[in-house]
Participant: 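I have a structure here, written as structure tokens, and I will follow up with some questions on it.
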Amino acid sequence: MFSQLDWHVKSGELWQIKGDNGAGKTSLMRAIAGLAPQSLEGRLSVLADFLFLGHKAGIKSDFTAIENLRLHLGDAQNGDERQLNDALATVGLADYRDEYAYRLSAGQQRRIALARLFLVDAPLWLLDEPLTAIDVDGVAIIEACIDRQVRNGGSVIYTSHQPLKLQLSTSTLHLRGKGQSPYVS
Amino acid sequence: MYRSVFGKVLVRQLLLAFRRPAAVLNPLFFYGVVVLLMPLGLGPQQSVLSQFAPGLLWITALLAGLLSAETIFRGDYDDGALEQLLVSGESLYLASLGYVVAHWCLTGLPLALFSPAFGQLLSLPDEGLGTLAVSLALGTLVLSAFGCVGAALTMALRRGGMLLSLLILPLEVPVLILGAGVVERAVNGMPVDSLISILGGLSLLALALTPLAIGSSIKISLEV
């Protein structure tokens with residue numbers, strides 16, 4: 001999918017991965033998260049704890065918003081009840097705490113997944129298309145969240161087709177599809 | 001909140017089943033219908049029915065378990081929950097054990113609890129009823145364990161049901177023979193303690209070892 005990629009991410013850095021559809025953005029994200037196919041060649045070392053938010057967020061439609069956080073399989077520690085409530089309130093779902101996820105809109109379901117950003121204490125965030133189905137207010141929440149993470153010395157790698165309005169210096173990794181080597185800007 | 005991923009998976013699966021009770025009642029319903037149809041197909045002579053009852057009850061339990069195995073990982077695969085489990089770095093062994101125990105609680109255990117009633121419907125002599133329940137409770141644990149292995153291997157396939165049956169039926173046949181045999185012996189008034197112990201040992205062995213296979217199969221299915 002891509003070749004000759006030599007790439008380092010240090011703490012406190014914000015990276016956007018850009019590329020056309022099918023260029024390998026999601027594959028690269030999954031590879032970093034440890035979900036790469038075995039056919040992948042090369043060396044990959046991830047030295048930090050990380051939080052991975054993929055296309056499929058692991059939200060169960062038969063669970064309520066709070067149950068989805070409480071029973072999420074992605075977190076070793078799910079936080080106590082107060083933290084869960086706070087996280088839901090931060091993403092604007094305070095009133096939907098006990099609402100079944102199947103009654104929520106796609107954007108609201110996405111927000112449940114985003115609430116994990118406030119619960120998990122990981123130095124590296126891998127956000128694959130975090131803005132999918134999210135409205136303007138939601139985008140602002142994510143931007144603030146990324147801002148805080150990077151200022152606190154954490155790193156964020158994200159893919160997005162929409163530009164994020166951030167006061168931070170963003171490095172970009174361009175994936176150019178089959179046979180062409182990626183470049184950094 | 002949950003000490004281990006085992007408890008979390010178990011609570012998750014049970015709560016999900018509670019939200020969709022039809023899925024839990026389906027194997028039990030299947031079991032009941034088959035048992036009710038038997039006298040219609042075989043004729044109502046008690047001697048015939050009671051002779052076939054141990055085998056019939058066990059075969060039906062096996063099929064009921066097989067019926068529900070395909071869906072064990074389907075939902076968690078589709079919505080990305082398994083992916084999240086894998087990247088969380090939690091023990092896949094404990095998580096897999098959670099899936100096995102949850103599946104047993106939702107299929108094997110209710111079947112075992114209701115089996116004396118079904119046994120009576122097939123004129124199974126009273127001496128065999130207790131043994132039937134105990135052998136089913138232990139044996140379905142093995143069936144659930146194998147079912148989870150098959151489900152973990154085939155979850156990425158769109159129509160894995162057929163393959164799943166092909167994969168795990170050969171593994172389940174010895175349990176069927178043993179289980180039906182135990183009930184048969186009990187009906188004939190022979191001692192069954194040693195065979196029940198073997199069945200118990202098998203179920204513990206399955207609980208201890210299959211989570212390794214299930215964990216690896218989950219990884220394979222997610223292409224890791």
Side-chain angles (χ1 to χ4, degrees), chain A residues 26-27 29-40 44 46 48-64 66-84 100-103 106 109-110 112-113 116 119-120 122 124-126 128-129, chain B residues 1-24 71-99 102 106 152 155-156 211 214-224:
Chain A
T26 295
S27 302
M29 278 289 202
R30 287 174 59 89
I32 301 170
L35 294 166
Q38 300 220 310
S39 55
L40 201 77
L44 176 85
V46 181
D49 283 342
F50 62 87
L51 180 153
F52 171 66
L53 205 66
H55 281 271
K56 301 189 283 183
I59 299 301
K60 279 260 173 278
S61 54
D62 282 339
F63 285 164
T64 63
I66 189 107
E67 282 167 354
N68 262 305
L69 291 181
R70 199 186 291 149
L71 293 168
H72 202 281
L73 289 178
D75 312 328
Q77 293 295 322
N78 288 69
D80 60 32
E81 219 52 17
R82 196 179 49 80
Q83 287 172 311
L84 299 184
Y100 288 115
Y102 66 79
R103 294 191 188 194
Q109 292 191 18
R110 192 76 192 161
I112 301 177
R116 290 181 53 230
L119 288 169
V120 181
L124 172 62
W125 287 357
L126 305 169
D128 196 2
E129 295 288 348
Chain B
M1 171 157 285
Y2 295 97
R3 282 277 164 70
S4 78
V5 66
F6 168 78
K8 205 198 286 180
V9 168
L10 187 61
V11 170
R12 244 176 93 92
Q13 294 298 99
L14 295 182
L15 187 62
L16 270 179
F18 179 71
R19 294 280 154 79
R20 292 273 165 94
V24 186
T71 57
I72 299 172
F73 293 107
R74 173 72 70 229
D76 284 346
Y77 177 77
D78 284 343
D79 65 21
L82 279 178
E83 221 170 84
Q84 289 289 341
L85 173 68
L86 213 61
V87 299
S88 75
E90 295 257 30
S91 157
L92 272 183
Y93 180 91
L94 287 178
S96 306
L97 193 63
Y99 279 107
L106 296 169
M155 65 179 145
I214 298 166
S216 308
S217 305
I218 291 175
K219 282 187 170 181
I220 291 170
S221 289
L222 292 173
E223 266 198 282
V224 182

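Residue numbers begin at 1 in each chain, while the letters A, B, ... track the order of the sequences.
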Participant: Which atoms of B/R19 are under 4.5 Å from chain A, going by heavy atoms: the side chain, the backbone, both sets, or neither?
Facilitator: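 Side chain only.
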Participant: Between chain B and each of A/F50, A/F52, A/F63, count heavy-atom pairs under 4.5 Å; write down the option with the most.
Facilitator: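 Between A/F50, A/F52, A/F63, the count favours A/F63.
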Participant: With sequence neighbours left out, what residues match B/S216 under side chain to side chain contact (heavy atoms under 4.5 Å, CB included)?
Facilitator: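 Testing B/S216 for side chain to side chain contact (heavy atoms under 4.5 Å, CB included), a comparison that skips the adjacent residues, returns none.
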Participant: Would a 4.5 Å heavy-atom cut-off, applied to side chains only, mark A/L73 and B/E90 as touching?
Facilitator: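 Sidechains of B/E90 and A/L73: no contact.
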Participant: Could you list the residues that satisfy side chain to side chain donor-acceptor pair (under 3.5 Å) with A/D62, not counting sequence neighbours?
Facilitator: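 Expected list: B/R20.
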Participant: Does B/R12 reach the side chain of A/E67, with side-chain heavy atoms less than 4.5 Å apart?
Facilitator: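 No, every pair of side-chain atoms sits at 4.5 Å or beyond.
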Participant: Please list, chain by chain and in numerical order, all residues satisfying side chain to side chain contact (heavy atoms under 4.5 Å, CB included) with B/L106, sequence neighbours excluded.
Facilitator: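 Scan of B/L106 (side chain to side chain contact (heavy atoms under 4.5 Å, CB included), adjacent residues dropped) gives B/L14, B/A17, B/V24.
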Participant: What distance do B/L15 atom CG and A/K60 atom NZ have between them, rounded to the nearest 0.5 Å?
Facilitator: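 So the gap between those two atoms works out to 11.5 Å.
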Participant: Non-hydrogen atoms of chain A under 4.5 Å away: do they reach the side chain of B/F18, the backbone, both or neither?
Facilitator: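 Neither the backbone nor the side chain of B/F18 comes within 4.5 Å of chain A.
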Participant: Identify the residues of residues 78-85 of chain B whose heavy atoms come closer than 4.5 Å to a heavy atom of chain A, ordered by number, or report 'none'.
Facilitator: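 The list, in residue order, reads B/D78, B/D79, B/G80, B/A81, B/E83, B/Q84, B/L85.
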